[in-house]
Amino acid sequence: MLRNHGFIDNHPVRFIMIKATEGSTKLDDRFVDNFYQAREYGFIRGAYHFWSNKSTGADQAKHYINNVRLEEGDLPPVLDVEHKPKTQTTQEFKENVLSWLRIVEKEYHSKPIIYTYHKFKNEYLSDSIFDTYPYWIAHYYVDSIEYKGKWKFWQHTDCGRLPGIKGYVDFNVYNGSFYDLQQLTISDPSEH
């Protein structure tokens, strides 16, 4: 397993995931600068969207697309989905999530990564269609993952520390080699 290119004061960091958007209106205040700086410092970078139950998957996808310019070498788009609205059936929720995934995939020509915790995945996103997307599992404070399916990333703690960053950061591992991680990145968008 590959840990989070470069080093930050001897801490091996190869990729950085940055919050970009939330719902259909919110843009993280620091996204543009953080995303630019990650590339400038030589990190493989990714941009994630935090799902909101207050707007449709299509509206949220459009918001992400309008604010995130992914380039060759960036990780695919990420959908962070952790809550199902009480007002939707499970099937309606799945269709809404699939709407986001399909719109974003069409725009970037890359299958988005689904981020969620393992129990939520098993309960709401266990259909085989969701297994065609790379999975980033959130499962904290354990030595090994309970989830039995395929996964690409594992967020194992939300209380990591890195020099130069105030407060806690999430730490992740990649399930594969550095070459595999590079193969997951977006190819030249002009080829599509």
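The shown structure was predicted, so the numbers you read here are calculated from the model rather than taken from an experiment.
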Using side-chain heavy atoms (C-beta onward) and a distance below 4.5 Å, is [X] in contact with [Y]?
X      : Y      : answer
Tyr135 : His118 : yes
Pro134 : Lys111 : yes
Val97  : Trp51  : yes

- Item | salt bridge (Lys or Arg N to Asp or Glu O under 4.0 Å) against Asp74, all qualifying residues, sequence neighbours excluded |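 Asp74 satisfies salt bridge (Lys or Arg N to Asp or Glu O under 4.0 Å) with Arg39, Arg45 only.
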- Taking atom types as modelled, find out whether Tyr115 and Gln155 have a side-chain donor-acceptor pair closer than 3.5 angstrom.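 Present: a donor and an acceptor within the cut-off.
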- Task: Consider only side-chain N and O atoms of Asn67 and His63, and report whether a donor and an acceptor are under 3.5 Å apart.
- Result: yes
- Message: Run Asn96 and Ser99 through side-chain hydrogen bond (donor to acceptor under 3.5 Å, both in side chains) and show every step you take.
- Response: CA-CA 5 Å; Asn96 212 9; Ser99 175; 5.2 Å; no
- Message: Strictly below 4.0 Å, N to O, side chains only: are Lys150 and Asp131 in salt-bridge contact?
- Response: no
- Task: Describe, in one word, how the ring planes of His49 and Trp100 are oriented to each other, choosing from parallel (under 30°), tilted (30 to 60°) and perpendicular (over 60°).
- Result: parallel
- Message: When you measure from the side chain of Ser126 to the backbone of Glu123, do you find a donor-acceptor pair of N or O atoms at a distance under 3.5 Å?
- Response: no
- Task: Using the ring-ring contact (aromatic ring centres under 6.0 Å, His included) rule, pick out the option among Phe43, Phe153, Tyr41, Phe178 that qualifies with Phe15.
- Result: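 Considering Phe43, Phe153, Tyr41, Phe178, a ring-ring contact (aromatic ring centres under 6.0 Å, His included) with Phe15 is found only for Phe153.
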- Note on the structure: Hits for side-chain contact (heavy atoms from CB on, under 4.5 Å) against Ala20, two or more places apart or cross-chain, chain-then-number order -> Phe31, Ala47, Tyr64, Val68
- Task: Name all residues meeting the side-chain contact (heavy atoms from CB on, under 4.5 Å) criterion together with Glu92; count only those two or more places apart in sequence or in a different chain, and write none if there are none.
- Result: Gln88, Thr89
- Query: Ile18 and Ala38: which non-hydrogen atoms are nearest, and at how many Å?
  - Reply: CD1-CB, 3.9 Å
